[in-house]
Amino acid sequence: MRTRSSEPPDLPPSLNDAVRLLGKLGGHLGRRGDGHPGSEVLWRGMSRLADIEVAYELYTT
């Protein structure tokens with residue numbers, strides 16, 4: 001089980017890892033045969049990330 005840390009990682013994720021994480025937020029399953037996330041899935045992921053950011057700002061201020 002991964003534990004959450006308040007410290008940022010030493011290195012940022014690679015571009016490929018960042019795209020896959022964003023795709024996961026947009027609903028991409030990431031199975032072996034699925035390929036890379038498409039533009040619509042990435043759009044949904046970015047929209048969801050924006051919502052998460054707004055919620056984080058509301059709860060931390």
Side-chain angles (χ1 to χ4, degrees):
M1 176 184 241
R2 287 178 29 188
T3 59
R4 299 205 185 248
S5 173
S6 61
E7 306 252 341
D10 293 334
L11 295 173
S14 68
L15 182 58
N16 188 40
D17 290 340
V19 167
R20 291 200 179 268
L21 289 169
L22 197 56
K24 190 180 282 192
L25 276 177
H28 190 260
L29 298 176
R31 297 175 295 202
R32 189 179 340 167
D34 285 345
H36 296 290
S39 58
E40 188 173 337
V41 169
L42 292 175
W43 182 265
R44 285 194 311 249
M46 289 188 65
S47 176
R48 187 154 181 223
L49 185 60
D51 293 341
I52 292 169
E53 178 188 10
V54 168
Y56 179 81
E57 290 295 321
L58 286 173
Y59 291 124
T60 59
T61 56

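Values in this document were obtained by computation on a predicted structure and should not be read as measured data.
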Would a hydrophobic clustering, with Ile, Leu, Val, Met, Phe, Trp and Tyr connected at side-chain separations under 4.5 Å, put [X] with [Y]?
X: L49; Y: V19; answer: yes
X: I52; Y: L42; answer: yes
X: L25; Y: M46; answer: yes

- What pairs meet the side chain to side chain donor-acceptor pair (under 3.5 Å) rule with one or both residues in residues 8-34, with sequence neighbours excluded? S14-D17, R20-H36, R31-D34
- A18 to P13 - nearest heavy-atom pair and separation: N-CB, 4.4 Å
- Item | All pairs passing salt bridge (charged side-chain N to carboxylate O under 4.0 Å, His left out) where residues 35-47 contributes a residue, at least two apart | E40-R44
